[in-house]
There are 2 protein chains.
Amino acid sequence: MNTASASASTDGSGGSGSSGGSGGPRWLSDEEQRTWRAFMHATTLLEDHLDRQLQRDAGMPHIYYGLLVQLVEAPRRRLRMTELAMRAKITRSRLSHAVARLEKNGWVRREDCPSDKRGQFAVLTDEGYGVLERVAPGHVAAVRQALFDRLTPEQQKALGEAMLVIAEGLQPEGAGADLPWLR
Amino acid sequence: MNTASASASTDGSGGSGSSGGSGGPRWLSDEEQRTWRAFMHATTLLEDHLDRQLQRDAGMPHIYYGLLVQLVEAPRRRLRMTELAMRAKITRSRLSHAVARLEKNGWVRREDCPSDKRGQFAVLTDEGYGVLERVAPGHVAAVRQALFDRLTPEQQKALGEAMLVIAEGLQPEGAGADLPWLR
DNA sequence: TCGTATTGCTTGAAGTATCAAGTTCCCTGT
DNA sequence: ACAGGGAACTTGATACTTCAAGCAATACGA
């Protein structure tokens, strides 16, 4: 059976190549499997690595750090909840919980939107800014060490382009329940 | 401030290039930032996508599926817990919880190791195998659609190579608390 | 054959994620 | 002016992850 990140072992067709009939699933070739596994291993290990790094140095997971980053880049250091969720690629629900936690830390503050009473702004506080300032160098270093220091410029370019294609293929369009932009 | 996945906005140095002194952090260039963001977006979106796909079709998250895959590839469809944890790139603790859940589903069974009384085998049950058989085609299709169908062979090759380098840089060596192979 | 360190795995608590509702407010058409 | 539908955000329950201990068995040196 070929299982997307599993070499053959139980199916009769031998592992790579396409299966028999016209409608059978197109299993991954050996080459594709190696690529896919490398992809998963690298992303898993890297996410874990950065999560631990930030948990240790900043007391928050990688994605929470990403939220602060989005805010610091935004005009007046604030963003509507939905906008922030879109930029960070997470659900509104997740964001609500996350901001609640960041608020408890004093790094973010909520503010009502004057023009839309349903709306909320997430605002980066000075303390939040301070954390970012203190932690960013270490984080950049970690990213650099794990990624950029190991790849040639050509590899970096190729990686960036491939990732862009993948991201675009998975993005927005269509409407849906809670993640319109993920469908 | 450059924040690894944040364009400049608050630091005086202008965003790209290196900072002043000798020991200052080496911020990411604009090009590097684009790469890094594409990387994060793609991996985030893809993980979410596959998680939902498998949650919907198989009632389990992507990583649990990966555990079953490891088992089906192993001789006699069984693996020692530690070995399984290493292959799946997760902690033993996480694996213990995960296997408990898979056991409850009837997809995996635990078995004592005869030669080491501390040891446990995780064994894929027939039902577990059945789930894999039923779900694998859809999962492969999802991976193909998100990744391989969108990239040229050259891009796939480059991606695989870059990911391999990254994964290798983050892997084993040294001893540590719970994740010796992650340090 | 003890004693100690190490290995293999599990547990419980606390943190985070996901899903399905739920609330309030906005917008459109009538 | 108001009904209906949709949008913005939150909430609570359940599932999953992490971290720090913890237990039992093995390995090893004295």
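First the proteins, then the strands, lettered A, B, ... as listed; each starts at 1. Since this is a predicted model, take the numbers as computed values, not measurements.
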Could you tell me if A/Arg101 sits above the aromatic ring of A/Tyr64, with its cationic atom closer than 6.0 Å to the ring centre and no more than 45 degrees from the axis?
no

Check side chain to side chain donor-acceptor pair (under 3.5 Å) between A/Glu127 and all other residues, then give those that pass, not counting sequence neighbours.
none

What's the CG-C1' distance between B/Asp112 and C/dC9, to the nearest Å?
12 Å

Establish, with yes or no, whether the OP1 or OP2 oxygen of C/dT10 is under 4.0 angstrom from a side-chain nitrogen or oxygen of B/Arg94.
no

It should be established whether B/Arg110 places a side-chain nitrogen or oxygen under 4.0 Å from OP1 or OP2 of nucleotide C/dC9.
no

Report the distance from atom CD of B/Gln53 to atom P of C/dT18, rounded to the nearest whole Å.
16 Å

Ion pair present between B/Lys157 and B/Glu154, side-chain N to carboxylate O less than 4.0 angstrom?
no

Whole-Å gap separating P (D/dT18) and CG (B/Leu95):
12 Å

What is the distance, rounded to the nearest whole Å, between atom CE of A/Met81 and atom P of C/dC25?
17 Å

Distance-only donor-acceptor test, A/Ser93 side-chain atoms vs C/dC19 base atoms, 3.5 Å:
yes

Who pairs with A/Arg87 by side-chain contact (heavy atoms from CB on, under 4.5 Å), at least two apart in sequence or on another chain?
A/Gln70, A/Leu79, A/Glu83

Return the polar atom pairs (N/O with N/O) between nucleotides 23-25 of chain D and the protein under 3.5 Å, or none.
{"residue": "D/dA25", "atom": "N3", "partner": "B/Arg118", "partner atom": "NH1", "Å": "3.4"}

Report the hydrophobic cluster partners of A/Leu164, with the cluster defined as I, L, V, M, F, W, Y residues connected by side-chain heavy atoms closer than 4.5 angstrom, directly or transitively.
none

For B/Glu111, the side chain to side chain donor-acceptor pair (under 3.5 Å) test, sequence neighbours excluded, returns B/Arg78, B/Arg109

Need to verify one output field. Residue with the more 5' nearest nucleotide on DNA chain C, B/Phe121 or A/Ala98?
B/Phe121

Looking only at C/dT18, D/dC9, D/dT18, the nucleotide nearest the A/Asp48 side chain is D/dT18

Quick one: label B/Ile63 by what it contacts on the DNA or RNA (base, sugar-phosphate, nothing), any heavy atom closer than 4.0 Å.
sugar-phosphate

Length of the line joining B/Met86:CE and C/dT7:P, which is rounded to integer Å
13 Å

Among C/dC9, C/dT16, D/dT11, the nucleotide that comes nearest once only the side chain of A/Ser96 is considered
D/dT11

Taking D/dC9, C/dT16, C/dT11 as options, the one with an atom nearest any side-chain atom of B/His97 is C/dT11

Protein-nucleotide distance (A/Leu102, atom CG; C/dT16, atom P), rounded to Å:
9 Å

What integer distance in Å separates A/Glu83:CD from D/dA7:P?
16 Å

Applying side chain to side chain donor-acceptor pair (under 3.5 Å) to A/Lys117 and not counting sequence neighbours gives none

From C/dC9, D/dC9, D/dT17, nucleotide with atom closest to B/Thr82 side chain
C/dC9

N/O (side chain, B/Arg92) to phosphate O (OP1/OP2, C/dT10) under 4.0 Å:
no

Rounded distance (Å) that lies between atom C1' of D/dT18 and atom CZ of A/Arg101:
13 Å

